[in-house]
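Worksheet for the structure shown next.
Lettering of chains follows the sequences in order, A, B, ..., and the numbering in each one begins at 1.
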There are 2 protein chains.
Amino acid sequence: MVKEFKIPDATIERVALYLRPLEGLMERNIRVVSSEKLADMCNVNPAQVRKDLSFFGEFGVRGVGYEVNDLLREIKRILASDREWRLGIVGLDDMGMALVQHKDFQQRGYRFIAAFDSDSRKIGKSLPNGLVIQPLSMIKQAAKELRIEIGVITTDAVEAQRVADLFFEAGIMAVLNFSPVHLRKPECCLVENVDFTLNLDHLAYELNRIG
Amino acid sequence: MVKEFKIPDATIERVALYLRPLEGLMERNIRVVSSEKLADMCNVNPAQVRKDLSFFGEFGVRGVGYEVNDLLREIKRILASDREWRLGIVGLDDMGMALVQHKDFQQRGYRFIAAFDSDSRKIGKSLPNGLVIQPLSMIKQAAKELRIEIGVITTDAVEAQRVADLFFEAGIMAVLNFSPVHLRKPECCLVENVDFTLNLDHLAYELNRIG
DNA sequence: GCCTGTGAATCCATTCACAGCT
DNA sequence: AGCTGTGAATGGATTCACAGGC
């Protein structure tokens with residue numbers, strides 16, 4: 001019984017956050033969790049957890065809590081992360097290599113199915129997962145044939161926009177951007193930026209405050 | 001003339017976001033920027049930019065805009081990112097290696113000055129930046145001697161808490177955590193979590209919504 | 001008794017709109 | 001004329017507090 005009104009963005013973000021702790025509980029064979037316990041594990045308020053979940057239906061049992069397994073399944077369904085997503089990556093220097101091997105991605109159904117690089121010395125090389133690195137000129141064709149859904153960019157600043165444009169032209173609507181530039185994009189497309197320096201800036205700021 | 005009342009957290013986060021575009025303008029020798037232009041480059045509202053900056057003083061010139069160079073210096077001062085910060089890292093698999101080589105870190109003054117791993121086969125090896133990988137047992141001593149300020153964790157889930165505890169015991173108050181677990185920490189310490197799957201979850205959710 | 005689900009209340013953040021300076 | 005700086009207005013998001021069901 002999913003409610004019709006629009007879900008707050010903050011809720012979507014937090015609901016994704018709940019996945020990891022829930023997976024942790026599953027592994028420890030803990031069947032039921034209260035909003036208070038789950039909130040603890042995510043540094044949020046218990047009422048927040050309940051309200052977030054209530055946007056999508058009534059998953060809990062009063063006096064008891066939430067069935068971990070059910071909740072996990074529901075959240076994955078809500079986020080559409082209950083299926084495989086097909087990723088293509090451009091840039092196979094250290095960061096790119098780290099990502100294609102990243103275990104969390106595979107476990108969660110995010111699968112790299114194509115890899116590209118502009119460095120001709122890298123073309124034709126095989127990655128540990130069996131992928132062969134292709135030239136950028138193959139992006140369009142590969143995107144169609146392999147049905148790439150999400151593009152990942154780990155190039156330097158200079159190349160990033162060009163690569164993003166290639167992705168968009170190839171019909172890839174979503175990009176995860178690790179490069180240090182703000183990408184221009186068509187209205188319809190989505191870009192998520194990852195920038196660790198923001199996290200470090202925040203730590204630096206707080207460290208400086210507390211003296 | 002810094003205002004005394006507390007700065008909203010959201011403002012701190014956005015102010016850090018303004019750094020990259022400003023650096024971009026510097027490189028292109030653009031001296032002055034309006035709140036509207038800067039807002040554009042960060043996908044925020046111009047009034048937001050002005051309000052954010054006004055928390056820290058009056059940096060702009062009415063009728064003109066903000067001096068890029070000044071603004072950059074001011075923001076760095078505010079965030080305390082106008083100096084070097086000393087990082088120690090644990091876990092030198094792909095992700096760890098990618099981070100120690102990450103150019104943005106060095107450019108912004110985030111310097112890795114120690115590296116540790118629990119894998120005995122890695123101990124004693126040198127990294128491209130000259131660091132030698134040490135065993136975890138060296139964390140406490142190295143933290144003191146080298147004055148490590150921020151600890152970076154790229155181990156797997158099993159090791160992460162143990163490493164975090166070692167950091168905290170060694171007097172390191174801030175941790176950047178790439179591992180997929182929620183770290184328990186003393187009241188006084190800071191943890192920032194990095195989790196790319198959250199970004200992918202968000203893209204998946206949106207892709208699914210728009211069909 | 002215990003814990004969820006949720007309207008109401010509160011708190012915070014964003015945006016508007018315009019006065020004030022150059 | 002142009003763009004900042006900011007009180008006031010708006011709009012969201014968080015938290016409270018309790019009714020409702022196990």
Is any NZ, NE, NH1 or NH2 atom of the basic residue among A/Glu23 and A/Arg28 found under 4.0 Å from an Asp or Glu carboxylate oxygen of the other?
no
Nucleotide-resolved protein contact map, nucleotides 15-22 of chain C, B/S/- at heavy-atom distance under 4.0 Å:
BBB--BBS
Is any side-chain N of the basic residue among A/Asp40 and A/Lys37 closer than 4.0 Å to the acidic one's carboxylate O?
no
Mind checking side-chain contact (heavy atoms from CB on, under 4.5 Å) for A/Ala143 and listing every partner two or more places apart, or none if nothing turns up?
A/Ile148, A/Ala170, A/Ile172
Please identify each residue that fulfils salt bridge (Lys or Arg N to Asp or Glu O under 4.0 Å) with A/Asp195, with sequence neighbours left out.
B/Arg20
If one requires at least 3 consecutive Watson-Crick or G-U pairs with distances under 3.5 Å, the stems of DNA chain D turn out to be C:1-22 with D:1-22
Would you tell me if any nitrogen or oxygen in the side chain of A/Ser35 comes within less than 4.0 Å of OP1 or OP2 on C/dC3?
no
From NZ of A/Lys6 over to P of D/dG11, roughly how many Å is that when rounded to an integer?
14 Å
Do B/Asp52 and B/Thr11 meet the criterion of a side-chain donor-acceptor pair at a distance under 3.5 Å?
yes
I need the CZ-C1' distance between A/Phe59 and C/dT6, as an integer number of Å.
15 Å
Any heavy-atom pair between the side chains of A/Leu99 and B/Met95 that's under 4.5 Å?
yes
Let me know the distance between CG of A/Leu53 and P of C/dC3, rounded to the nearest Å.
16 Å
Interatomic distance, B/Phe56 CZ vs D/dG5 P [rounded to whole Å]:
13 Å
For residues 201-210 of chain B, tabulate all N or O donor-acceptor pairs below 3.5 Å that involve a side-chain atom, not counting sequence neighbours.
| from | atom 1 | to | atom 2 | distance (Å) |
| --- | --- | --- | --- | --- |
| B/Asp201 | OD1 | A/Tyr110 | OH | 2.6 |
| B/Asp201 | OD2 | A/Arg108 | NH1 | 3.3 |
| B/His202 | ND1 | A/Glu192 | OE2 | 2.7 |

State whether A/Glu67 and A/Arg73 are salt-bridged, where the test is any N-O pair (Lys NZ or Arg NE/NH1/NH2 against Asp/Glu carboxylate O) under 4.0 Å.
no
Please verify the inter-ring angle class for B/Phe105 with A/Phe196; under 30° counts as parallel, over 60° as perpendicular, anything in between as tilted.
perpendicular
Side-chain N or O of A/Tyr66 less than 4.0 angstrom from OP1 or OP2 on C/dG5?
yes
Among D/dT4, C/dT6, C/dT4, which is the nearest nucleotide to the side chain of B/Ser34?
D/dT4
In whole angstrom, give the distance that lies between atom CG of B/Asp9 and atom P of D/dA13.
17 Å
Calculate the interatomic distance between B/Lys37 atom NZ and D/dG2 atom C1'; express it in whole Å.
16 Å
Salt-bridge criterion met for A/Glu84 and A/Arg111 (N-O under 4.0 Å):
yes
Expressed as a whole number of angstroms, how long is the span from A/Phe55:CZ to C/dT4:P?
17 Å
Assess whether side chain to side chain contact (heavy atoms under 4.5 Å, CB included) is satisfied between A/Val32 and A/Tyr66, documenting all intermediate values.
CA-CA 5 Å; A/Val32 172; A/Tyr66 300 89; over 6 Å; no
Take atom CD of A/Glu36 and atom P of C/dT4, then tell me their distance rounded to the nearest Å.
9 Å
So if I take residues 13-28 of chain A and measure heavy-atom distances to DNA chain C, which residues fall below 4.0 Å?
none
